[in-house]
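What you see below is based on every heavy atom in this structure, not just the backbone, and it leaves out hydrogens, waters and symmetry mates. Order of the sequence lines sets the chain letters (A, B, ...), proteins ahead of strands, with each chain counted from 1.
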Amino acid sequence: MDRLMNKSSEIDKVWNEVTSKISLTKDIYLGTSTSSSSTATTQQQQYIKSNRIVECTYKTSPLTSVISKVDQVDIKELEISDFLLHWYIDNIKIYFNNHLCREFWEYFGGLGKVDGLLLKSTIDYDDKYNTHFINAIEVFNKKKKKIKKTIKPISILNDDDDDDEEEEEMEEEEEMEEEIEEDEQHGDLSQMERSQTSMIEMSFMNESFTDINTKEIAFINLCIKLNKLNFIIISEDIFTTILLSKITENIEKKCKDVFDKYLLKSIIKWADNIIFKWLSIILLRDGQDSTDFRARGQDVFEQWRNRMEFSIYDNFSQQRISQLFDMIVQFPDSTPALEDLAVCYQKIPIQKSLIASLVRQFKARLLHPGANTNDIITQFISTIQAMKLIDPTCFVVDAVGHPIRTYLSQREDTIRSIISSCTDEESDIYADFCQVDQDTDHTTATKGDHICDGDIDVYIDDYADQDQGQDQQSSKTKKKKQWQPATKESHPTLQIQKYKDTITSLVNIYDSTDLFVNEYRLMLSQRLYAMTNYDDIDKEIRNVELLKLRFGEHSLQSCEIMIKDIQDSKRLNQQISKQFKQSNFSSLILSNLFWPTFNKNEEFNYPQNILDQMENFNKEYQKIKAPRKLEYHKHMGFVELDIEINGNITTLTVSPIHASIICLFESKEILTLEEISNELKMKSDLVKRKIIYWINQQILIEFERGVYKIVTSDKDKDDDDDQEEGFGQTDSGTTQAGEEEDVDSSANKEKEEEQWNVVENFVIGMLTNFKSMPIDRMHNMLTMFNPDVYTSSMTDLKQFLTRLQNQDKIELSSGEYKIKK
Amino acid sequence: MAQKTDSHSVTKRLQSELMGLMMAGITGISAFPNSDNIFNWVGTIQGASGTVYENLEYKMSLQFPTDYPFKPPVVKFETACFHPNVDVQGNICLDILKDKWTPVYNVRTLLLSIQSLLGEPNNESPLNSYAASIWDNQVEYKKVLLKKYQEATGRTITDTSSTSNTTSTPSITV
């Protein structure tokens with residue numbers, strides 16, 4: 001650039017030569033450029049000069065001579081055209097900013113009246129369209145080559161927008177002359193155009209021109225003129241970009257966060273009224289005088305229209321897809337939006353972007369540890385239903401649902417959440433759970449088939465149509481050519497089956513239904529234990545029956561037996577208690593094989609009188625059910641207690657272990673920790689933990705360290721209160737938490753111990769079979785074959801192996817472990 | 001696809017069998033996947049006490065087919081085993097390894113069956129007719145067995161019961 005600047009004088013010289021040689025009608029160019037020097041910078045002048053040169057090179061027949069002149073002064077043609085381009089671009093930018101964009105939207109804002117907002121928004125258009133313009137210019141830049149070829153027509157335009165009126169006039173004349181040279185008819189038109197242009201210029205500048213009709217005519221004329229100059233076709237990209245940005249903006253404004261209305265139609269209507277109308281005005285009107293032009297305009301119009309239509313669908317669907325996650329959250333309120341998207345899905349290929357975007361959104365917003373499992377499940381269900389609206393073949397459902405399913409299957413509490421929501425009468429899923437089943441009650445198998453049939457029909461129909469069409473053409477080869485291997489999408493049966501209904505899709509998260517059934521069994525057992533009122537059992541029976549319809553009789557056999565156990569126990573209790581007249585003792589008799597295994601808990605004994613009752617019960621049971629006998633799980637169950645202290649009766653439902661402790665205080669008011677633990681044959685630390693419950697209930701107080709006493713008087717109670725108020729407040733808090741924490745840590749400890757027990761067995765097993773092994777191999781094997789239990793590090797394993805060594809179970813020699821014989 | 005899930009479920013099954021076997025803690029039988037392939041296991045069987053195989057330890061190889069448990073695993077003795085129903089290659093003639101196999105069997109029951117086969121051979125259909133022929137003479141059998149075992153493992157089994165037996169037998173005959 002600098003070099004060019006330095007050469008300015010030389011260019012002047014060349015310019016003079018050129019102008020004289022080709023004998024231009026007007027020598028005015030140089031004159032104007034110097035006269036405008038007061039306003040324009042020298043660089044602009046330079047541009048203008050170089051502009052002339054190139055213009056001349058295009059105009060003149062002895063091109064070579066000019067180029068050779070240019071070469072002399074060491075300026076490559078390319079460089080000049082580059083400058084030219086910059087200049088054009090700058091000018092076009094200004095032009096658009098000042099006039100076209102603004103007027104364009106102002107015009108349509110007024111004319112269309114569909115979007116009244118547009119008119120108002122023009123107040124701050126300057127900035128807004130500037131940014132659009134940068135986009136436009138970028139596109140323009142890419143098209144440099146094309147522009148280079150068509151420099152001439154554009155040059156007229158850049159004169160249009162030039163501030164210098166004088167120069168404009170000159171240019172117009174120049175243009176006119178050229179036109180005349182080319183085509184005399186057009187020359188007349190261009191004269192007309194000139195006057196029109198100045199009128200438009202005025203209307204652009206003068207805000208008092210509020211009459212929309214005048215503006216309309218002015219604008220239309222401008223458009224026609226532009227088109228005549230071939231400008232619209234050339235700068236198609238710019239127009240497209242502007243139109244697109246307008247479309248995007250409109251879609252964004254209309255659709256953002258609005259999911260409960262059908263908007264696609266109104267957008268298409270808007271496009272018809274505004275975008276296409278404009279297109280038809282500028283592209284179709286100009287050719288009125290010549291059929292050739294008209295045909296061309298028609299072609300171009302159709303082309304643009306199609307592209308714009310596609311862009312509208314594309315933009316719309318992109319907008320929708322970007323908010324798909326929220327739409328799913330609001331499902332089913334967002335059904336209209338989804339149905340709009342479904343229309344797009346049919347029209348344009350958005351499947352891939354839809355899936356990719358949704359999966360990305362899920363990953364970012366749903367599938368992370370912060371999300372509640374229940375929420376994920378709800379979202380998963382909504383996703384399935386929503387995606388089914390878009391794609392009934394369930395291909396999308398499968399693709400989108402897959403990451404969620406994988407994630408859910410990794411969560412520990414998924415099954416539990418699913419089952420609890422299935423059986424929770426208030427949840428939505430419960431309704432599905434019952435309803436679908438009731439539907440399937442009579443036609444379990446046929447229902448599923450129906451769904452599939454319906455959807456497959458669509459496919460078959462499509463295929464049949466194709467067939468027919470091809471038959472008409474009766475070209476078998478064509479048919480063969482058109483054959484394509486069946487894609488995953490063309491076999492929807494599997495997917496549809498998989499997402500037949502909510503429950504099925506939830507159950508399908510897991511590979512087998514066994515896990516599901518097992519978890520249900522576990523939860524059922526817990527509910528049954530806790531059941532005080534046997535009437536509730538009807539509900540459980542109903543649930544089991546519902547589940548049976550889904551998973552088959554066999555898999556729920558144990559659940560049935562569990563329920564039967566409860567019912568049997570009820571009968572048996574009545575029978576036995578009649579005999580003994582002890583109405584306050586009842587037991588649940590559970591079939592060992594069919595109930596989930598119970599956690600082994602701390603050993604302890606009941607107080608003697610209860611033990612006696614249990615013994616009696618057992619004897620009676622053995623009489624009734626001959627070969628069977630009872631094995632009591634003492635820590636299970638619950639006790640209803642009435643505690644009477646000084647005439648105040650407190651009714652509590654507590655665990656047997658708590659009850660056993662308090663029963664001891666029946667006969668004695670003060671007991672030491674040791675006495676309690678001896679009496680109940682339980683560990684003293686367990687007693688200590690459990691007794692905290694009674695202290696918190698204000699029934700016992702720790703009289704001295706390790707000595708407990710019943711709170712008999714209010715005074716004691718008050719003392720206790722005082723204590724709490726004084727310094728015991730935090731203390732009681734910690735003790736209360738203390739029990740839970742202890743339980744937690746002991747549970748953890750147990751779990752860990754169990755884990756190491758498994759590891760020990762594996763280590764012994766490995767060493768039996770492999771004689772000797774180094775630690776890293778053992779670690780690898782354990783990780784590989786026992787991933788569920790073994791989660792320790794090599795260091796932990798090393799420690800553990802050392803422990804085994806100390807127990808003389810294994811030995812270490814030369815880096816390898818062996819079983820010690 | 002179907003095959004993939006299948007092999008997955010087989011892996012699952014074998015893993016749970018391994019867990020079961022390890023946790024059962026049955027003395028005398030054991031097995032563990034060899035290297036990183038869960039379809040290929042190494043087994044160990046010790047002769048049951050009270051049989052001639054007492055104190056003898058045999059290594060086995062177990063090859064699980066991909067359609068396990070619908071097909072039985074291929075089980076072979078890796079340590080040469082002198083037994084009427086085991087041939088020189090270590091192949092075992094046992095009905096549950098062939099046509100009597102059902103998916104309810106597992107590694108544990110299989111190894112237990114082989115362990116009991118050691119003590120109670122089926123002499124009706126021997127693979128090793130020599131072993132079958134001398135089975136009735138337990139003293140002779142044990143002598144040959146120990147010799148063969150020593151050849152195979154290089155380990156000498158100094159069996160006190162066998163020496164006492166051999167000494168006591170002549171005294172009876174005398």
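Checked options B:Tyr58, B:Phe82, B:Tyr149; the residue passing with B:Phe77 is B:Tyr58 (criterion: ring pair (Phe, Tyr, Trp, His ring centres under 6.0 Å)).
Using modelled atom types and a 3.5 Å distance limit, the side chains of B:Ser61 and B:Glu78 yield a donor-acceptor pair.
Here the closest heavy-atom approach between residue A:Gly815 and residue A:Leu812 is recorded as C-CD1, 3.8 Å.
A distance of 6.0 Å or more separates the ring centres of B:Trp41 and B:Phe32.
For the pair B:Pro73 and B:Leu110, the minimum side-chain heavy-atom distance is below 4.5 Å.
Rounding to the nearest 0.5 Å gives a distance of 9.0 Å between OG of B:Ser133 and CD of B:Glu140.
Counting heavy-atom pairs under 4.5 Å between each of A:Val758, A:Ile764, A:Asn757 and chain B puts A:Val758 at the top.
Interface residues of residues 776-783 of chain A toward chain B, defined by a heavy-atom distance below 4.5 Å and sorted by number: A:Arg777, A:Met781.
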